[in-house]
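Below is one structure; the comments refer to it alone.
Numbers here are sequence positions counted from 1.
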Amino acid sequence: MTRLWTLRVAGSGLVLAAGLLAVEGPPVRAQDEPRVIMITARRFEFSPNLVTLAKGETVKLQIKSEDVTHGLFLRPLGIDAEIVPGRVTELTVRPETAGTYRAICDHFCGAGHGGMKMTIIVGE
Ligand code: CUA
């Protein structure tokens, strides 16, 4: 009886150890995953309205709208997205040239449409 109890304790110890290993183990391929930047569009701004990237860094932009359809356009970085309410628009960017860029909303969204911009800074 005592022997059986000892085995059970040893057994649960093994399960616990296995659980700890699973929690503490390195995340699979986590370092290869691009950084994700979430952007919200609403009349008449992007939030955040300033994004800083590193040259050669691959990032994933996830953009959603809180109200109407907007656009996000920046030719030098190959960004040309339509942002429709109710879904997340995802695009991958890998800037190769440092500089300060101004992305615009290129989908008419109301009276303040012309002022709806976002700055993207690409550092060395
Ligand atoms: Cu937002 Cu045009």
Side-chain angles (χ1 to χ4, degrees):
M1 182 69 179
T2 306
R3 182 181 172 83
L4 187 60
W5 184 83
T6 308
L7 280 175
R8 276 190 187 153
V9 170
S12 32
L14 280 176
V15 170
L16 183 63
L20 287 175
L21 280 176
V23 169
E24 291 176 358
V28 180
R29 295 181 55 81
Q31 290 170 334
D32 298 334
E33 294 295 323
R35 181 159 65 103
V36 174
I37 299 174
M38 286 183 281
I39 297 164
T40 300
R42 69 177 75 87
R43 290 172 165 152
F44 295 97
E45 61 177 7
F46 294 100
S47 177
N49 67 3
L50 171 65
V51 170
T52 302
L53 310 177
K55 191 172 110 179
E57 177 193 17
T58 301
V59 294
K60 196 180 284 184
L61 305 181
Q62 292 183 343
I63 316 160
K64 63 178 182 177
S65 169
E66 281 188 349
D67 41 35
V68 299
T69 298
H70 298 275
L72 184 63
F73 180 73
L74 178 56
R75 191 190 302 276
L77 298 192
I79 296 172
D80 186 4
E82 187 180 56
I83 309 156
V84 178
R87 70 169 133 99
V88 176
T89 299
E90 191 171 279
L91 50 110
T92 302
V93 177
R94 190 171 189 275
E96 299 294 351
T97 309
T100 299
Y101 302 92
R102 188 63 61 89
I104 62 166
C105 174
D106 68 337
H107 187 106
F108 184 76
C109 54
H113 160 74
M116 190 168 167
K117 295 174 165 60
M118 182 173 75
T119 301
I120 299 180
I121 296 174
V122 179
E124 285 291 347

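- Atom OG1 in T119 sits 4.0 Å away from atom CZ in R102 (nearest 0.5 Å).
- Considering every non-hydrogen atom in both A41 and D67, the closest pair reads O-OD1, 4.3 Å.
- Rounded to the nearest 0.5 Å, atoms OG1 (T97) and CD (E124) are 9.5 Å apart.
- F44 is not listed as a side-chain neighbour of C105, based on a closest heavy-atom distance of 4.5 Å or more.
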**Message:** Please determine whether salt bridge (Lys or Arg N to Asp or Glu O under 4.0 Å) holds for the pair K64 and E66, giving the CA-CA distance in whole Å, both sets of side-chain angles, and the decisive distance to 0.1 Å.
**Reply:** CA-CA 7 Å; K64 63 178 182 177; E66 281 188 349; 5.7 Å; no
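- Taking every heavy atom of both residues into account, S47 and R42 meet most closely at CB-NH1, 3.8 Å.
- Within the 3.5 Å criterion, the main-chain N or O of H107 finds no donor-acceptor partner in the side chain of H70.
- Rounding to the nearest 0.5 Å places CG of D106 at 5.5 Å from CG of D80.
- Two different hydrophobic clusters hold V84 and I39 under the rule that ILVMFWY side chains link at heavy-atom gaps under 4.5 Å.
- The shortest heavy-atom contact between P95 and E57 is CD-O, 3.3 Å.
- The two residues F46 and G71 make their nearest non-hydrogen contact at CZ-O, 3.3 Å.
- The side-chain contact (heavy atoms from CB on, under 4.5 Å) test with I120 is passed by exactly one of I37, I79, L50, T52: I79.
- Note on L77: it does not cluster hydrophobically with I104, by side-chain heavy-atom contacts below 4.5 Å among ILVMFWY residues.
- Connection of I83 to V68 is not established within any shared hydrophobic cluster, with ILVMFWY side chains joined at heavy-atom distances below 4.5 Å, either directly or through further cluster members.
- Each of T58, L53, L61 was evaluated against R35; a single residue qualifies, L53, per the side-chain contact (heavy atoms from CB on, under 4.5 Å) test.
- Residue K117 qualifies as enclosed at atom NZ: its count of foreign heavy atoms under 6.0 Å is above 12.
- Judged purely by atom type and a 3.5 angstrom limit, T89 uses its side chain to pair as donor or acceptor with the backbone of E82.
- When all heavy atoms of R43 and C109 are compared, the closest pair comes out as NE-O, 2.9 Å.
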